[in-house]
Amino acid sequence: MSSDPARVRFAPSPTGHLHLGGARTALYNFLYARQTGGKLLLRIEDTDRKRYRAAAAEGLMDSLRWLGIAWDEGPDVGGAFAPYIQSERAARHREHAQQLLNAGKAYHCFCDRNRLQELRRGRQSYDRLCRELAPTAARQRVQSGQAHVIRFRSPKEGSTTVRDLLRGEITVRNAQLDDFVLLKSDGFPVYHLAAMADDHAMGITHVIRGEEWLPSLPKHALIMRAFGWPEPTWCHLSVLKKPGGKGKMSKRDARQLDKAEGHSIFIHKLHERGYLPEAVVNWMALMGWSLDDRREDFTLAELQCAFGLEQLNASPAAVDFSKLDHFQGKRVRQLSATDVAAGIKPYFLREGLKPDEATLLKIVPLIQERIVTFEDAPQWAGFFFQPHVSPEPAHLVAKKLTPAESLAALQQARQTLVTLPTFERDPVEKALRALADELGLKLGQLLTPVRVAVSGQRVSPPLFETLEILGRESALQRMENATKLLKDL
RNA sequence: GCCCCCAUCGUCUAGGGGACCAGGACGUGGGCCUUUCAAGCCCAAGACCGGAGUUCGAAUCUCCGUGGGGGCACCA
């Protein structure tokens with residue numbers, strides 16, 4: 001089962017943030033590299049100068065680092081096959097194009113954009129007008145400075161067969177292929193050329209990438225074969241569909257998700273929202289891969305051992321955020337109190353609250369199993385750090401009690417707490433339970449007005465602990481205020 | 001329009017000719033616990049896209065449909 005050390009690469013184009021699909025591709029590449037004791041390369045594919053965004057590459061790397069996906073060679077760490085910025089390799093790509101030109105496997109094309117656009121309007125691919133131009137004549141036109149591209153001379157007859165690891169043999173009739181561009185008129189290579197040339201130069205053994213590349217796989221194989229290079233193992237991952245399972249995730253869907261659900265397909269957003277990288281990784285790993293029919297919980301380290309290309313699934317997977325929340329909740333519950341405290345603190349600060357360490361640490365056990373993301377913490381425990389709370393008066397009324405009865409209960413509770421020798425959890429509980437009995441109330445009925453009074457909300461962390469942490473003074477003050485609200489009801 | 005890929009519960013999936021009246025997980029419903037909400041535990045409902053064929057036997061192999069997805073740039 002264990003194979004030779006693989007050299008794999010993640011090769012994003014720096015046009016935006018890292019999203020789920022890309023991250024999952026990166027993850028699988030990383031896992032396979034580790035699994036085989038090989039190397040993961042990071043290569044920035046920036047040959048499209050129109051879409052290039054300077055900040056994007058850094059953002060991409062930040063997201064990968066956060067997830068724990070470490071690369072062995074790349075633009076920042078260097079490596080034996082530098083440079084890892086594709087645009088810096090353009091001179092080599094031009095040489096490669098020239099090589100194919102010399103071999104008669106490529107040709108100059110002088111057709112302008114208008115003509116190509118016309119062709120496309122007629123639902124027709126490039127008509128190969130320049131294919132049979134005499135090479136000497138073509139060279140002359142190039143020398144005279146005429147704008148041109150270099151196209152691949154695709155075979156017109158026969159068929160091309162390529163083997164994909166997950167799908168077996170894929171065969172296309174060569175008549176379906178067109179004479180695609182290798183080198184643009186700005187002298188930069190197109191993906192097909194650049195990626196293949198770099199993959200070969202960098203000794204890539206397995207190309208693990210998204211399914212969207214499958215249709216151009218024959219082109220890539222043909223390029224490799226034209227140069228006489230050995231082909232890597234091809235492995236095309238299925239696409240991710242949007243939640244619900246219908247359709248690919250679009251930019252619009254992504255935006256909607258961000259707003260409405262508090263979820264996101266962007267890794268940096270998940271980070272901002274207080275998700276744990278290990279939860280995200282565990283979740284992503286399972287979209288298109290599974291070990292067996294029993295185990296679903298994996299740390300990154302465990303995945304490195306368990307992962308295998310053989311267990312990859314070729315069918316598309318729908319993104320399911322409730323499953324992410326499940327992994328996230330589980331992971332949060334496993335964290336130490338100090339880790340949770342450190343994790344949630346920024347979110348209190350963001351709300352303008354100033355939590356002190358000691359109190360924060362006391363609160364953690366109360367909310368740890370109630371929060372999903374760190375971002376959830378303030379809505380559970382923000383009231384601890386607010387000077388006062390403003391409950392909705394109607395919420396102070398307990399189930400099956402009238403406002404007047406609730407008021408009475410609240411006042412009695414307050415009275416009880418005033419006289420308590422200490423304000424610790426256990427005595428508080430004991431006293432309130434006794435009071436409920438005495439008043440002939442269910443504990444919940446007595447506690448509801450108290451809870452809402454001190455926390456300002458209907459659901460809160462466990463009340464007795466809450467009272468202790470809040471302290472007598474603050475708790476009594478809040479109950480006093482709530483009394484007034486109930487009287488006005 | 002043309003090309004390519006995919007097809008098991010709502011979702012992620014196990015399964016690869018007999019071990020499957022199809023297993024797990026998320027979610028959903030119900031119950032227990034209980035001071036609200038969670039967490040935890042227990043139970044339940046829930047799927048092999050359709051049709052032919054191969055075979056003693058098909059979720060599993062083949063073909064044809066259908067459905068879904070991806071791609072058809074001087075973008076990656």
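Numbers restart at 1 for each chain; the letters A, B, ... are given by sequence-line order, proteins then strands. Keep in mind that the numbers below use all heavy atoms, side chains included, and drop hydrogens, waters and symmetry copies.
Using the Watson-Crick or G-U wobble rule with both distances under 3.5 Å, B:C48 pairs with nothing in any strand shown. Of the nucleotides present, none pairs with B:C20 by Watson-Crick or G-U wobble criteria with both distances under 3.5 Å. With a 3.5 Å ceiling on both atom-pair distances, B:U54 lacks any Watson-Crick or G-U wobble partner. B:G10 and B:C26 make up a base pair, with Watson-Crick or G-U wobble contacts both under 3.5 Å.
In this structure, A:Asp292 places its CG atom 18 Å from P of B:C12, rounding to the nearest Å. Atom pair A:Arg433:CZ and B:U36:P shows a separation of 10 Å (rounding to whole Å applied). When the C1' atom of B:C74 is taken as reference, atom NE2 of A:His108 falls 15 Å away, rounded to whole Å. Summarising the geometry, the separation between CG on A:Asn313 and P on B:A25 is reported as 19 Å, rounded to the nearest angstrom. Atom CZ in A:Arg295 sits about 19 Å away from atom C1' in B:G15, given to the nearest Å. Whole-Å rounding puts the A:Leu214 CG to B:C72 C1' distance at 13 Å.
Contact between the side-chain N/O atoms of A:Ser238 and the OP1/OP2 oxygens of B:C6 is not found at any separation under 4.0 Å. Contact check, A:Arg151 against B:C74: a side-chain N or O comes under 4.0 Å of OP1 or OP2. In terms of phosphate contacts, A:Lys442 brings no side-chain nitrogen or oxygen within less than 4.0 Å of OP1 or OP2 of B:U36. When the side-chain nitrogen and oxygen atoms of A:Ser315 are compared with OP1 and OP2 of B:G69, none of them lie within a distance under 4.0 Å. OP1 or OP2 of B:G40 has at least one side-chain nitrogen or oxygen of A:Arg333 nearer than 4.0 Å. Between A:Lys241 and the phosphate of B:G68, there is no side-chain N or O to OP1/OP2 separation shorter than 4.0 Å.
Relative orientation of the A:His17 and A:Phe266 rings is perpendicular, given thresholds of 30° and 60° on the angle between their planes. Ring geometry for A:Phe307 against A:Tyr28 counts as parallel: the plane angle stays under 30°, on a 0 to 90° scale with 60° as the upper cut.
Look at the C1' atom in both B:C20 and B:U13: the space between them is 16 Å, to the nearest Å. One C1' atom belongs to B:G67, the other to B:C49, and the distance between them is 7 Å to the nearest Å.
Remark: aromatic rings of A:His326 and A:Phe321 are distant, center separation not under 6.0 Å.
A:Tyr347 and A:Asp376 share no donor-acceptor pair across their side chains, judged by distance under 3.5 Å alone. Of the N and O atoms on the side chains of A:Thr402 and A:Glu405, at least one donor lies less than 3.5 Å from an acceptor on the other residue.
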